[in-house]
Chemist: 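Below is one structure. I have some questions about it.
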Amino acid sequence: MVVTRSGTTCTPTGSNDESAKKRKSNPEMPEMVESFKGWESDKQTNFVKGLLGEMCHEQHWQIDMALRPYLMRDFISALPEYVSEQILSYLDELSLCRAESVSKRWREIICNGHLWRKLIVRNVNTKAIWQRLGKRREWISHLHRAAEFGSEYYKELYPKIVQDLKMSNEMWKLGKLNLRKIDCASHDSKGVYCLQYDDEKIVSGLRDNTIKVWDMDSLKNTMTLTGHTGSVLCMQYDENIIITGSSDASIRIWDVKTGELLHMLIHHCDAVLHLRFQNGIMVSCSKDRTIAVWTMSGNPQNIVMKHALVGHRAAVNVVDFDEKYIVSASGDRTIKVWGTEACEFIRTLQGHTRGIACLQYHGTLVVSGSSDCTIKLWDIEAGAILRTLEGHEELVRCIRFDSHRIVSGAYDGKIKVWDLKAALDPRTPVKDICIRTISEHKGRVFRLQFDEFQIVSSSHDDSIVIFDFLSPHDYYGDFSACQRVHHYSETSSLELSDTTLRRLDSANSLDSLDELS
């Protein structure tokens, strides 16, 4: 028995069938319903609100259960198809897979709109790792041939890509490396001091005063640039120019396509040890203990020195910068931070016990390597050391990091891969931070660069080595062009692929897509 707001009592009603019988047994009900139908909408609404106010909690619950079927509408099926496609295109992979099981109509919309293909395209456009994998595995060209490949093809392709990414991630820890090696065949002085690569080429600076360009696929030398009278110690290129620094104290600008020397800059009075350029600014550093900040325009002839930064007490070995800070490291054991805009000195980071040979700066994180054989992680704003990594036996000569890993090379000939997230977590034991050590070079490791699938390194042994972490398993072997999917039957279109759903759940159970991006 329940007391209502009006003071009367009521007993919770039974099933819907019983309620229907009671309504039929009430002779006044038909007249009340007919009268209700004749009222205006506002009056009907207010009347029902009034009735609800007189009901008990149990009755409210029953009314709520009765209303739910009336409030649930399949708006996806009701909307124009192009609108429904747009809505469903925002779903992630698991939601899209499950949406196909809602109804035949939903599956048709997903199929007709090629939403699995669009999901892959979106990932390719927003995640560099997807684009790079697509080029390496050669499925990226299929994304623009929807007429040849049915919607089911892209649905089955998606979990294969995710699995490929997951296994390639595991290869960094456990897999057998696929090695490719370039013997630079220097005539007199041997050693490769610097390099940079992309999908088509490797550009290297050598101890024999030359810059050599290598085809990434064939590993053949395609161009040699000459002009420096000393070893090429540092370099960087973009789609238009290569800029090199040398022990001859000059900075030279070359046409990246033709190799033509476009301009030469003379400012430093000793070897140019490192340089970086981006967004119309170049920063160089030298054995002469200074840092030069240059402004760049579209014309290589119009590179003008803006500021000279003085403060280090030994050779400045490396610089890095963004729109906020210039960060420099020196043989004087310090890292100095300068403002990029005004070039003012901001702070000094101290902690290494010997000279600093390399660093990278991104966001608020600085990672440095030193001849004290350690790697240090710094918070640039606080000036504090976040972690010290030990493991190399000699000077740490080169270091790079991304959002997942730190990769270091040293004079002990070893390359080490470190887990960045573990390094930043003070609870992680030291033994769990270094995930791999590679001993392939026969001499000092001078420079390295890496991406999600490979490390490219150079050494005093006159070689460039490519360490490929892409999984050797062919996930697409049964997925060749001869298996292109055409229109499938009405019956099969109603079936959700449990295999696909399990693949997606499995692929996401260990590593999320965000962690692989």
Side-chain angles (χ1 to χ4, degrees), residues 93 120 123-124 127-140 157-182 195 197-199 202 216-217 219 375 389 391-392 398-410 413-424 428 431-441 445 447-459 463-479 502-517:
E93 67 280 1
I120 297 172
N123 283 334
V124 167
K127 300 175 182 179
I129 187 171
W130 280 68
Q131 185 176 85
R132 192 169 287 117
L133 181 66
K135 291 178 179 178
R136 292 285 300 273
R137 296 300 199 188
E138 299 182 347
W139 50 255
I140 198 165
L157 174 62
Y158 194 96
K160 291 178 182 290
I161 296 171
V162 173
Q163 184 69 8
D164 198 0
L165 289 171
K166 184 172 79 73
M167 291 309 300
S168 294
N169 189 52
E170 290 297 312
M171 286 283 292
W172 281 86
K173 302 175 183 178
L174 305 171
K176 183 178 180 181
L177 296 176
N178 177 29
L179 302 181
R180 296 192 297 154
K181 190 172 183 178
I182 299 173
L195 63 81
Y197 73 88
D198 56 40
D199 293 335
I202 302 171
M216 181 60 97
D217 292 326
L219 302 186
I375 297 165
L389 306 178
H392 282 294
C398 50
I399 200 154
R400 304 299 296 169
F401 71 88
D402 62 10
S403 57
H404 305 293
R405 306 174 187 91
I406 302 169
V407 182
S408 59
K414 297 176 182 177
I415 294 172
K416 288 184 176 289
V417 182
W418 314 78
D419 187 321
L420 176 59
K421 292 182 180 179
L424 291 173
T428 305
K431 63 182 179 62
D432 295 337
I433 300 176
C434 183
I435 60 177
R436 187 161 195 161
T437 299
I438 303 169
S439 301
E440 181 64 27
H441 285 292
V445 180
R447 194 61 54 92
L448 62 81
Q449 182 186 341
F450 76 98
D451 58 50
E452 297 87 350
F453 304 120
Q454 61 192 347
I455 299 171
V456 181
S457 62
S458 65
S459 169
S463 71
I464 298 171
V465 180
I466 302 169
F467 304 90
D468 197 338
F469 294 91
L470 193 64
S471 173
H473 181 74
D474 185 4
Y475 294 96
Y476 316 91
D478 59 345
F479 224 56
R502 283 197 299 272
R503 284 175 182 166
L504 290 170
D505 283 324
S506 173
N508 284 274
S509 63
L510 297 177
D511 300 283
S512 71
L513 291 180
D514 288 338
E515 290 175 344
L516 293 171
S517 63

Chemist: Do the non-hydrogen side-chain atoms of Phe453 and Ile129 ever get within less than 4.5 Å of each other?
Modeler: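 Yes; the side chains approach each other to less than 4.5 Å.
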
Chemist: Is there a side-chain contact between Ile455 and Trp172 (heavy atoms, below 4.5 Å)?
Modeler: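 Contact flag for Ile455/Trp172 side chains = yes.
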
Chemist: Do Lys414 and Ser439 meet the criterion of a side-chain donor-acceptor pair at a distance under 3.5 Å?
Modeler: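 Judged by distance alone, the side chains do not pair up.
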
Chemist: About how many Å separate CG of Leu174 and CG of Asn169, when rounded to the nearest 0.5 Å?
Modeler: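 It comes to 10.5 Å.
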
Chemist: Of the non-hydrogen atoms in Gly409 and Val445, which two are nearest, and what is the gap between them?
Modeler: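 Of all heavy-atom pairs spanning Gly409 and Val445, the closest is CA-CG1, 3.9 Å.
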
Chemist: So which atom in Trp418 and which in His392 form the shortest heavy-atom distance, rounded to 0.1 Å?
Modeler: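 Between these two residues, the closest heavy atoms are CZ2-CD2, 4.4 Å.
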
Chemist: Which heavy atom of Gln131 sits nearest a heavy atom of Val124, and at what distance?
Modeler: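 Looks like CB-O, 3.7 Å.
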
Chemist: Just jot down the salt bridge (Lys or Arg N to Asp or Glu O under 4.0 Å) partners of Arg400, sequence neighbours excluded, or say none.
Modeler: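 In terms of salt bridge (Lys or Arg N to Asp or Glu O under 4.0 Å), with neighbours along the sequence ignored, Arg400 is linked to no residue.
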
Chemist: So do Ile399 and Phe401 actually touch side chain to side chain, heavy atoms under 4.5 Å?
Modeler: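 With C-beta onward as the side chain, the pair stays apart.
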
Chemist: Checking Leu177 against Phe469 for the side chain to side chain contact (heavy atoms under 4.5 Å, CB included) test, could you report, in this order, the C-alpha distance in whole Å, the side-chain angles of both residues, the deciding distance, and whether it holds?
Modeler: CA-CA 6 Å; Leu177 296 176; Phe469 294 91; 3.1 Å; yes

Chemist: Hey, could you give me the CG/CG distance between Asn178 and Leu470, rounded to the nearest 0.5 Å?
Modeler: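 It comes to 9.0 Å.
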
Chemist: Are Trp139 and Tyr158 close enough that their ring centres sit under 6.0 Å apart?
Modeler: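 Distance test on ring centres: not under 6.0 Å, no.
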
Chemist: Hey, is Asp468 close enough to Arg136 for a salt bridge, meaning N to O under 4.0 Å?
Modeler: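 Yes, this pair counts.
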
Chemist: Could you state the interatomic distance from CD1 (Ile438) to NZ (Lys416), rounded to the nearest 0.5 Å?
Modeler: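 Answer rounded to 0.5 Å: 10.0 Å.
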
Chemist: Can you name the nearest heavy-atom pair linking Leu195 to Ser457, along with the distance?
Modeler: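 Scanning both residues completely, I find the closest heavy atoms to be CD2-C, 3.6 Å.
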
Chemist: Which heavy atom of Lys181 sits nearest to which heavy atom of Ser463, and what is that distance?
Modeler: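 Heavy atoms of Lys181 and Ser463 come nearest at CE-CB, 3.6 Å.
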
Chemist: Would you check if the side chain of Ser168 reaches a backbone N or O of Ser471 as a donor-acceptor pair within less than 3.5 Å?
Modeler: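 Yes, Ser168 side chain to Ser471 backbone: donor-acceptor pair under 3.5 Å.
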
Chemist: The test is side chain to side chain contact (heavy atoms under 4.5 Å, CB included); show your working for Ile406 and Phe450 and say whether it passes.
Modeler: CA-CA 10 Å; Ile406 302 169; Phe450 76 98; over 6 Å; no

Chemist: Under a 4.5 Å cut-off applied to non-hydrogen side-chain atoms, are Leu179 and Glu440 in contact?
Modeler: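 Contact flag for Leu179/Glu440 side chains = yes.
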
Chemist: Between Ile161 and Asn123, is the side chain to side chain contact (heavy atoms under 4.5 Å, CB included) condition met? List the steps.
Modeler: CA-CA 11 Å; Ile161 296 171; Asn123 283 334; over 6 Å; no

Chemist: Start with the C-alpha gap between His404 and Lys421, add the side-chain angles, then the distance that decides, and say whether side chain to side chain contact (heavy atoms under 4.5 Å, CB included) holds.
Modeler: CA-CA 6 Å; His404 305 293; Lys421 292 182 180 179; 4.2 Å; yes

Chemist: If I take atom CG from residue Leu420 and atom CG from residue Asp402, how far apart are they, to the nearest 0.5 angstrom?
Modeler: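 Rounded to the nearest 0.5 Å, the CG-CG separation comes out at 7.5 Å.
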
Chemist: What distance do Thr428 atom OG1 and Ile433 atom CD1 have between them, rounded to the nearest 0.5 Å?
Modeler: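 Going from OG1 on Thr428 over to CD1 on Ile433, the span is 6.0 Å.
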
Chemist: Has Arg180 got a side-chain atom pairing as donor or acceptor with Asp217's backbone, closer than 3.5 angstrom?
Modeler: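 Flag set: sc Arg180 to bb Asp217 pair under 3.5 Å.
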
Chemist: Rounded to the nearest 0.5 Å, what separates atom CD1 in Ile415 from atom NE2 in His441?
Modeler: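 One gets 4.5 Å once the value is rounded to the nearest 0.5 Å.
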
